[in-house]
Amino acid sequence: MTATEQTTGGYVGRSIPSRTGDRFVRGAGRYVDDVHHNREATLVVLRSPHAHARIVSVDTSAARAMDGVYAVATGAELFEEIGPQQYLWDLPGQKTGHGRPLTVDKVRHVGEPVAVVVARDQYVAEDARDAIGIVYEPLPAVTTMDQALAPDAPLLHEEWGDNVQVRAAWPVAIPGLPEPPDAGAALAGAHTVVRETFTTSRILASSMETRGVVCDYDPTGPRLTIHTSTQSPHQIREGVAAMLGVPENRIRVIAPDVGGAFGMKAVLYPEEALVPYFALRLRRPVRFTEQRDEAFVASTPSRDQRMELEIGFDADARIVGLRARYLIDLGSAPSTCGAGTGWATGALLCGPYAVPAVDIAATAVVTNKTPLGAYRGFGQPEANFPVERLLDIAAPQLGLDPVELRRRNLVPPEAFPFTTATGQLLDSGDYPGMLGLALDRPAYRDMLRERDEIRAAGRPAGIGIAYFNECTNFGPSGVFPLIGITTGGWDATSATVEPDGRVRVVSSQTPMGQDLETAFAQLAADRFGVPLDHVTVRFGDTDSSHYTAYASGASRAAGIGGSSLILAADKAIDKMRRIAAHLLEADPDDVEHSGGEFRVRGAGAAGLSYATVAAAAYQGGNLPEGMEPGLETLGAFDPQALAFSYGVVVALVAVDPDTGQVGVPRMIFGHDCGTQLNPRIVDAQIVGGALQGQGAALTEEIVYDESGQPGAVGFADYLMPIAREIPELDVFHTVTPTPFALNGAKGVGESGVIAAPSAIVNALQDALPAGAAPLTSIPVLPERVLAALATEPAR
Ligand code: SMO
């Protein structure tokens, strides 16, 4: 036992070592693919090789006849068997399609599920899949947003009448409130207006663990136990129950160790319904393991927006208005949370700046590509890149340096709570203060020196800055229906003080690599006043965790999940106080709780330990009048409002003039997420996110050719940053607790990725000749860098 574990109190805010890290580095994690059942069969999916085609005929007879094949099915055969695909989020006015786990008449993207085989093992299943004969009638593919919007465009969903799934606009007029200010007039009267068109390319959250589903079948009931690699076990249970017509209480969904999710595993996938369907039909366990090449066409990518952005400034360089017109390429999806990411971009486009007037219009279009979904940042990197680039483009025109321009426009600390022109309530912070702190870091002096050294050695180098805030603690329940989310926004935790006085909490959040087990143990140990090793934390199982309205995502675990844990703990403590008072023959109001003991205030006598009180609670014979035995409580927390984390990123880039490759030797990351449960975890979230941002800025992209074939189906064509490309990262924090969570915690999960691409590209622009055209799209690939280096310096 370490010193840490013997003491009580003060765990929150300390970098307690991970409870799970040891298991993972030893290879002892238990992922979906480690879960096996007797007699299990393997399911594989036959996917469309075409981007857009009509299915003329399907011949499965040869596949069915093969030895070891248990079932083969097409979309037409399953149409009456499995209901429409269930989704998390349909925006107001969003056209829904006829999403089915297997398409019926037509394919709309390469990789769309067409048929399935269930067989003895993966090899037999794949051989049988190869034996399925399908005749397609190819249709013209829509592979760009411009094509999708052309008047004569082929329609993906004929009944829609066009290729637009949904539109959104800001400001949103609210009945009874004054008319929002007119951005058009503000821009017309502006001293300086800058405008550019920006693109943020399609990228894929490449989790180490691909998706996977295993379903056990228990004939008594019948009952289904589904292990799936997800961040949303309760939502998966809800969706599967609706699609299969099985009551939820006959389905148990378990998210075991999840090897990365990043929003990509937030929604229900077709295989998550197909696997339990066949388990029921075949009365045996069934498994599915996504292969890596499959992930590139079957798991949801994200971003993929093009924005025309215009910002007007007055003579003092203060923003007077912002106008944006943007398109988001949803791929073929009739409905996923991809459209939600596009909504978030508009709703959060003002970011940390005091923008008095906006005119924003978004159009979400469908094309013949893999459906778009969520990826860490959820629409915010797509908002941050245009704004932060345009500020850097504007600064010289306004005669200011980029730091001063930002300082003038950040929401000042005295303005909180601040409502943005798009209607978002920013809770708290000191935005300009963070800027100053970043530039005072010793690491910033090192950065300047290193930039000069690189330049002196004849290589281009530059420094760039970007500011951001992050919408976290997603909720509250009352707001969700207004934006088309039918579930609530709260979260629940149960707390049990066991008969021996030790504590077990079961959270409805789901860890996916962010070490919630350690952070929540710290929170619980402090609240109960018990040693850390007296607390265990469990997650990810719908049979033991309470229903939660909205799973792990949107950076809501620490603040919302943590607050529900506090409520559960306080209820348990209160019950123990009343039991202790009964045993001590005292008034409960006179009994105080500290250090895991209950004692009568002012009396010198020894207190009653948790073990003593718990033993009485479970024995049951000597409890206060009318009290139920046992010591288990439930806390459910619905936030009053969102919480906004914020921060600044400063990046140094170095360019290889021969190859055009860009390195990021240094980065400074200043961040405020309110109360930090565990700074080690917070920093790890920042580092991981920043690296994903580096990939988005410089190398990662899924391009489609004109026939709709994806250009990346593996890591040979899709380049993520590798270990030796990690910058020297100086992460620092300020702490401004949010008033809207009981523990003051704002989220941190997505902060790392939001502004890192903007800072890197701002730095790259700084490295290029002064006459180079502005960089307006990511990733900035080496050929683009070489072309820019070839431009003549201005003057
Ligand atoms: S992109 Mo996330 O899981 O909110």
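All values below were derived from every heavy atom in this structure, side-chain atoms included, with hydrogens, water molecules and symmetry-related copies excluded. As the structure is a prediction and not an experimental result, all values here were calculated from the model. As the structure lists them, so they are numbered: ligands from 1, and atoms in each ligand from 1.
Listed by number with element, the atoms of ligand 1 under 4.0 angstrom from any heavy atom of A374 are 1 (S). For ligand 1, the atoms lying closer than 4.0 Å to a non-hydrogen atom of G553 are 3 (O), 4 (O). Every atom of ligand 1 with a heavy atom of Q231 under 4.0 Å away is listed here by number and element: 3 (O). Residue contact check: Y375 has heavy atoms under 4.0 Å from atoms 1 (S) of ligand 1. Using a 4.0 Å cut-off to heavy atoms of E750, the atoms of ligand 1 that qualify are 1 (S), 2 (Mo), 4 (O). For ligand 1 and G263, the ligand atoms under 4.0 Å from any heavy atom of the residue are 1 (S), 2 (Mo), 3 (O).
Residues passing the side chain to side chain donor-acceptor pair (under 3.5 Å) test with E272 are T228, sequence neighbours excluded. The side chain to side chain donor-acceptor pair (under 3.5 Å) check on E209 picks up S229, with sequence neighbours excluded.
Less than 6.0 angstrom separates the ring centroid of F378 from the ring centroid of W89. Ring to ring, F198 and Y326 are not that close: their centroids are 6.0 angstrom or more apart.
Ligand 1 has an N or O atom lying under 3.5 Å from an N or O atom of A554, backbone or side chain. Of the N or O atoms in R376, none lie within a sub-3.5 Å distance of an N or O in ligand 1.
Residue-environment remark: CZ (R167) stays at or below the threshold of 12 foreign heavy atoms within 6.0 Å.
Two residues are said to be in side-chain contact when any heavy atoms from C-beta on lie closer than 4.5 Å; I702 and I203 fail this criterion. Using a 4.5 Å heavy-atom threshold, the side chains of D491 and S564 count as touching.
For the ligand labelled ligand 1, residue M264 lies outside the 4.0 Å heavy-atom shell.
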